[in-house]
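Chain letters run A, B, ... following the sequence lines, proteins first and then strands; every chain starts at 1.
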There are 2 protein chains.
Amino acid sequence: MPLEKPIQPDQPAPTLAEAKAQFINLWGVSGTSWGVSKTLAQVHALLLVSPQALSTEDIMEQLTISRGNASMTVRELIDWGLVYKELRPGERREYFVAEKDMLQVTRCIIAARKRRELDQMKRTLDQLAQLPGNPADADYQAFHTVLSDIQQLADTSDKLLTRLMRAERNWILDKFLKLFL
Amino acid sequence: MPLEKPIQPDQPAPTLAEAKAQFINLWGVSGTSWGVSKTLAQVHALLLVSPQALSTEDIMEQLTISRGNASMTVRELIDWGLVYKELRPGERREYFVAEKDMLQVTRCIIAARKRRELDQMKRTLDQLAQLPGNPADADYQAFHTVLSDIQQLADTSDKLLTRLMRAERNWILDKFLKLFL
DNA sequence: CACAAGTTTCAATAATTATTGAAACTTGTG
DNA sequence: CACAAGTTTCAATAATTATTGAAACTTGTG
């Protein structure tokens, strides 16, 4: 709740905490239009703007979410490769840090979305394209044209995304953009 | 319902109708992982594999959805630029055809997703970056670094998507892929 | 092995999002 | 302008998805 509507500060300029809260809020909203849960995006944002590693307890407190939610969400972020566990010798409690290199973050996000949105579809398309039918039927041929156009498109996207994922920072900035824009 | 579980055909090979039904199903499932409603994706798929234009009535019937749903969904597809109205002289009823050129379809989808996912975020980011704070504070600077990294990333994505949208078929296939893969 | 300090799971519930369907609207025609 | 043949809107409801929180589990230590 303190993160949603920060109290009016004494000085006119917003405090750092407020700015962070707004950022977490923005990321949460954007997250839902990106197809991830609000909480996932918010935890990611919180860790991105935290200089130190945070514990599950910290995350629960700062975002006012339940322990279960925090635990599951952090685990998912680790799966995506966006967050790392930080273990402190002699402490039982686990701490979490976000990957701060935005290029790396982008790679993880592209990889995750590709897995979710593209790979499954390609598998099913391949299967569909195999269904044999009457090849003399004009209607059937039209259907197959649509199908193979989509397959080609999926393949092209796949290649493009794979390439982007492997891209180096300089490659993106220099070769790519300067060449094409 | 006939579209969900097609009855066993007499001949071993699947009928065209079955293959189409499976495609509509696939597209519907993929749609949800792409963040659009199942119905939107299904109506699009249905129109993609229909050689003739279909009326609202046809769509309702073939997908067993309500009139309201069919009406709203078709209107949204028209907004996206994926479907056109076809008016027949002397007829009150409206018919709908899908854009069949997959390159064009891709452009529409990229444009729509960019609008939804990127443009709003860029606007809010710009706003956030303006919030002034204490520039001497190291913590504050770290925050601003994250912010401007994200902005740069958003800008790069924006340019890349804009470029892709304008791309010609041959440009994509030849120059782009052959050069980079 | 008992306990403390944590983490994870998962059934119940809350929140969100999509869909229905009846009423309101639009448009062309006699 | 009344009516027929359609389309659109939108409040109510259904379906889906996210979240809670208590119970089960895990792990290290005396």
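Side-chain atoms of B/I78 and B/F96, non-hydrogen and from C-beta on, do get closer than 4.5 Å to each other. Residues A/T106 and B/T156 fail the side-chain proximity criterion, which asks for heavy atoms closer than 4.5 Å. In this structure, the side chains of A/I24 and A/Q62 stay at 4.5 Å or more apart for every pair of heavy atoms.
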Original post:
Based on Watson-Crick and G-U pairs with both distances under 3.5 Å, what dot-bracket line describes DNA chain C 5' to 3', crossing pairs as [ ] and inter-strand pairs as |?
Top reply: ||||||||||||||||||||||||||||||
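One N or O donor and one acceptor, one from the side chain of B/R92 and one from the base of C/dT26, sit under 3.5 Å apart.
Distance B/R88 CZ to C/dG28 P: 18 Å, rounded to the nearest Å. Summarising the geometry, the separation between NZ on A/K85 and C1' on C/dT8 is reported as 11 Å, rounded to the nearest angstrom. To the nearest angstrom, P of D/dA15 lies 13 Å from CG of B/N69. As rounded to whole Å, 14 Å separates atom C1' of D/dC25 from atom CZ of A/R67. Between the CG atom of B/L77 and the C1' atom of D/dT7 there is a distance of 16 Å, rounded to whole Å. Atom CD1 in B/I59 sits about 14 Å away from atom P in C/dT19, given to the nearest Å. Rounded to a whole Å, the CD atom of B/E76 is 13 Å from the C1' atom of C/dT17. Here the P atom of nucleotide D/dG6 and the CZ atom of B/F96 are 13 Å apart, to the nearest Å.
For B/M72, counting side-chain heavy atoms from C-beta on, the closest listed nucleotide (D/dT8, D/dT19, D/dT9) is D/dT9. The listed nucleotides are D/dT8, D/dT19, C/dT9; the one nearest the side chain of A/R75 is C/dT9.
Residue B/E57 is out of contact with every strand shown, counting any heavy-atom pair closer than 4.0 Å. At a threshold of 4.0 angstrom between heavy atoms, the contacts of B/S37 are confined to the sugar-phosphate backbone, with no base atom among them.
For the pair A/S71 and C/dT8, the criterion of a side-chain N or O lying under 4.0 Å from OP1 or OP2 is met. Taking only side-chain nitrogens and oxygens, B/S66 never comes nearer than 4.0 Å to OP1 or OP2 of C/dT19. Distances shorter than 4.0 Å separate some side-chain N or O of A/R93 from OP1 or OP2 on C/dG6.
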Subject >> A/T124 and A/Q120: CA distance, side-chain angles, deciding distance, side chain to side chain donor-acceptor pair (under 3.5 Å) verdict >> reply: CA-CA 6 Å; A/T124 321; A/Q120 172 56 43; 3.1 Å; yes
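Sorted by first and then second residue, the salt bridge (charged side-chain N to carboxylate O under 4.0 Å, His left out) pairs involving residues 66-77 of chain A (not counting sequence neighbours) are A/E57-A/R67.
Using a 30° and 60° split on the angle between ring planes, B/H44 and B/W27 fall in the tilted class, from 30° to 60°.
A/D158 and A/T162 share a side-chain donor-acceptor pair at under 3.5 Å.
Each of B/E94 and A/G68 has a nearest nucleotide on DNA chain D; the 5'-most of these lies closest to B/E94.
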